[in-house]
Enquirer: 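Can you keep this structure in mind? I'll have questions shortly.
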Amino acid sequence: MDTNEQRIKIAVQKNGRLTDHSLDLLERCGLKFTQSKDQLFCFGENMPIDLLLVRDDDIPGLVSDDVCDLGIVGLNVVEEKRLSRQQEGREALFDRVFDLDFGQCRLSIAAPDGTPYDGIETLKNSTIATSYTGLLRDFLESRRIDASIEYFSGAVEIAPKLGKADFICDLVSTGSTLAANGLSEVEVLLQSEAVIIQTRAPLLGDKQALVDRILQRLDGVLQVQESKYIMLHAPRHALDRIRELLPGSEAPTVIPLEGTNDKVAVHAVCRENVFWETLENLKAAGASSLLVLPVEKMLA
Ligand code: PRT
Ligand code: ZN
């Protein structure tokens, strides 16, 4: 029976930088959804897995409080929530299960251009504007730097111009927002990307098996992103050298070629991208008829 309690709920950002990537990833795991009229809920058509579409800041709380079983959210938001709960004396009841290879950015401290900066001691007795108070406090305390933190909910980069802060602490990806506001990065606190988190609450009935199944599919999808299937012909005597040159591949399959004793076909899954240089090196080692194909699905 497919009662509501037996359906998995995944919290996904409703409308933002992570939304398209998150939905695309779940679709590549074979999940199909119908979106509700209010666009806050996606019903799983082919598996008992539904999505809750929410603000990214709410995702760690929903997973920690067991409203959702899994969540896709930036590590910056996860760590901020974990630290703010810890600073309130509460534990965050979720675990990070996978890094998802999108939404890359870093949380950095930046100074107005021209500010003399001579290492972290320069931050002593300064005011730093941020919406990441938990991560910033943790960073400053671990380095024994006494500075005051000014909470800004948005547009942090204008705080120095308004005379509200000496430094800012915000997310950076290309660096163009900092440059446009006359700011330069001086410290990196955290390298972030989207991650999947799972509740620590026990999953009842068939739910754990279903979560394991979806995590295994996610793992497969992430692995094939970079993987390539490579086929080539090679003289037997060159096999050792060719094995060394195949990037990130485990035991390639070696198949005899009809009508010849000294030539074989080699098939291998490479867990890294295969660049032109690699193909040229393989050819120089004696390989011929080289073919590189994308991998669509993989199940370990
Ligand atoms: O409405 P909701 O609360 O859900 O969304 P949001 O506005 O809080 O988040 P959103 O959609 O902007 O970002 C979601 C997640 O994307 C973040 O939590 C990060 O994990 C990740 N991410 C990746 C980024 C960036 N890159 C990024 N560049 N989040 C924000 N930025 C902002 C940054 O705050 C700054 O204003 O982009 C600006 C800097 O970008 P660059 O390219 O100029 O350096
Ligand atoms: Zn947000």
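All ligand and atom numbering here is 1-based and tracks the order in the structure. Each residue takes its place number in the sequence, starting with 1.
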Enquirer: Identify whether the distance between the nearest side-chain nitrogen and carboxylate oxygen of Asp65 and Arg85 falls below 4.0 Å.
Expert: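 Yes, charged N to carboxylate O under 4.0 Å.
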Enquirer: What heavy-atom pair brings Cys169 and Thr130 nearest, and what distance separates the two atoms?
Expert: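 Where Cys169 meets Thr130 most closely, the heavy atoms are O-OG1, 2.7 Å.
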Enquirer: Atom 37 (O) of ligand 1: which protein heavy atom is closest, and how many Å away?
Expert: Arg17 NH2, 3.0 Å
Enquirer: Would you please say whether a donor-acceptor pair under 3.5 Å links the side chains of Asp262 and Thr260?
Expert: yes
Enquirer: Which residue supplies the protein heavy atom nearest to atom 18 (O) of ligand 1, what is that atom called, and how far is it?
Expert: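 Closest protein heavy atom to atom 18 (O) of ligand 1: Asn76 ND2, 2.9 Å.
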Enquirer: Is it the case that Thr199 and Asp69 place a side-chain donor and acceptor less than 3.5 Å from each other?
Expert: no
Enquirer: Are the charged groups of Glu91 and Arg200 less than 4.0 angstrom apart, N to O?
Expert: yes
Enquirer: Does the side chain of Leu178 come within less than 4.5 Å of Ile168's, by heavy atoms?
Expert: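 Yes. Closest side-chain heavy atoms under 4.5 Å.
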Enquirer: Tell me whether atom 3 (O) of ligand 1 lies less than 4.0 Å from at least one protein heavy-atom position.
Expert: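 Given the 4.0 Å limit, the answer for atom 3 (O) of ligand 1 is yes, a protein heavy atom qualifies.
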Enquirer: Report the relative orientation of the aromatic rings in Phe167 and Tyr117; use parallel for angles under 30°, tilted for 30 to 60°, perpendicular for over 60°.
Expert: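 If you compare the ring of Phe167 with that of Tyr117, the planes turn out perpendicular.
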Enquirer: Do Gln208 and Asp212 have side-chain N/O donor and acceptor atoms under 3.5 Å apart?
Expert: yes
Enquirer: If you round to the nearest 0.5 Å, how far is OG1 of Thr19 from NE2 of His21?
Expert: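 Here the rounded value is 10.0 Å.
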Enquirer: With respect to atom 35 (C) of ligand 1, which of Val172, Leu107, Leu171 exhibits the smallest heavy-atom separation?
Expert: Leu171
Enquirer: Quick one about Ser126 and Asp166 (side-chain donor to acceptor, distance below 3.5 Å, no hydrogens or angles considered), yes or no?
Expert: no
Enquirer: What is the nearest protein non-hydrogen atom to atom 36 (O) of ligand 1, stated with its residue, atom name and distance?
Expert: Asp170 OD2, 3.9 Å
Enquirer: Check each atom of ligand 1 against the heavy atoms of Gly16 and keep those under 4.0 Å away; list them by number with element.
Expert: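 With Gly16 as reference, the close atoms of ligand 1 come out as 11 (O).
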Enquirer: Which atoms of ligand 1 have any heavy atom of Val77 under 4.0 Å away?
Expert: 18 (O)
Enquirer: Which of the numbered atoms in ligand 1 are under 4.0 angstrom from any heavy atom belonging to Gln104?
Expert: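 Answer, ordered by atom number: 23 (C), 26 (N).
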Enquirer: Let's go through Asp99 and Arg96 carefully: what are the C-alpha distance in whole Å and the side-chain angles of both, what is the deciding distance for salt bridge (Lys or Arg N to Asp or Glu O under 4.0 Å) to 0.1 Å, and is it a yes or a no?
Expert: CA-CA 8 Å; Asp99 296 346; Arg96 170 179 165 194; 3.1 Å; yes
Enquirer: When you measure from atom 8 (O) of ligand 1 to every protein heavy atom, which one gives the shortest distance, and what is it?
Expert: Asp56 OD1, 3.3 Å
Enquirer: Looking only at protein heavy atoms, which one is nearest to atom 26 (N) of ligand 1, and what is the separation?
Expert: Cys105 CB, 3.5 Å
Enquirer: What are the atoms of ligand 1, with element, lying closer than 4.0 Å to any heavy atom of Ser176?
Expert: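 So the atoms of ligand 1 that pass are 43 (O), 44 (O).
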Enquirer: Does a side-chain N-to-carboxylate-O contact under 4.0 Å join Arg7 and Asp50?
Expert: yes
Enquirer: Would you say Gly175 has any N or O atom under 3.5 Å from an N or O of ligand 1, going by distance alone?
Expert: yes
Enquirer: Can an N or O of Asp57 be found at a distance shorter than 3.5 Å from an N or O of ligand 1?
Expert: yes
Enquirer: Would you call Lys14 a ligand 1 contact, heavy-atom distance under 4.0 Å?
Expert: no
Enquirer: Which residue holds the protein heavy atom closest to atom 38 (C) of ligand 1, what is that atom called, and what is the gap in Å?
Expert: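 In this structure, atom 38 (C) of ligand 1 has Thr177 OG1, 3.6 Å as its nearest protein heavy atom.
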Enquirer: Does Ser192 reach ligand 1 with a nitrogen or oxygen that is under 3.5 Å from one of the ligand's nitrogen or oxygen atoms?
Expert: no
Enquirer: Of all the N, O or S atoms in Asp56, which one sits nearest to the Zn ion (ligand 2)?
Expert: OD1
Enquirer: Could you tell me the residue and atom name of the protein heavy atom closest to atom 1 (O) of ligand 1, and the distance to it rounded to 0.1 Å?
Expert: Arg55 NE, 3.6 Å
Enquirer: So, regarding Glu157 and ligand 1 (criterion: nitrogen or oxygen to nitrogen or oxygen, under 3.5 Å), is there a contact or not?
Expert: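 N/O-N/O distance below 3.5 Å does not exist for this pair.
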Enquirer: For ligand 1, is any non-hydrogen atom under 4.0 Å from Leu18's backbone (N, CA, C, O), its side chain (CB onward), both, or neither?
Expert: side chain
Enquirer: Run the numbers for me: atoms of ligand 1, each under 4.0 Å from some heavy atom of Gly74, listed by number.
Expert: 20 (O)
Enquirer: Restricting to N/O/S, name the atom of Asp57 that gets closest to the Zn ion (ligand 2).
Expert: OD1
Enquirer: I'd like to check which ligand 1 atoms, numbered from 1 as shown, lie under 4.0 Å from a non-hydrogen atom of Thr174.
Expert: 41 (P), 42 (O), 43 (O), 44 (O)
Enquirer: What protein heavy atom sits nearest atom 5 (O) of ligand 1, and how far away is it?
Expert: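 Nearest neighbour among protein heavy atoms for atom 5 (O) of ligand 1, to 0.1 Å: Gln13 NE2, 2.9 Å.
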Enquirer: I'd like to check Ser192 versus Arg106 (side-chain heavy atoms, cut-off strictly below 4.5 Å). Are they in contact?
Expert: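 Result no, sub-4.5 Å side-chain heavy-atom pair not found.
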Enquirer: Determine, step by step, whether Arg55 and Asp58 satisfy the salt bridge (Lys or Arg N to Asp or Glu O under 4.0 Å) criterion, reporting the C-alpha distance in whole Å, the side-chain angles of both residues, the deciding distance to 0.1 Å, and the verdict.
Expert: CA-CA 6 Å; Arg55 288 201 55 190; Asp58 296 333; 5.6 Å; no
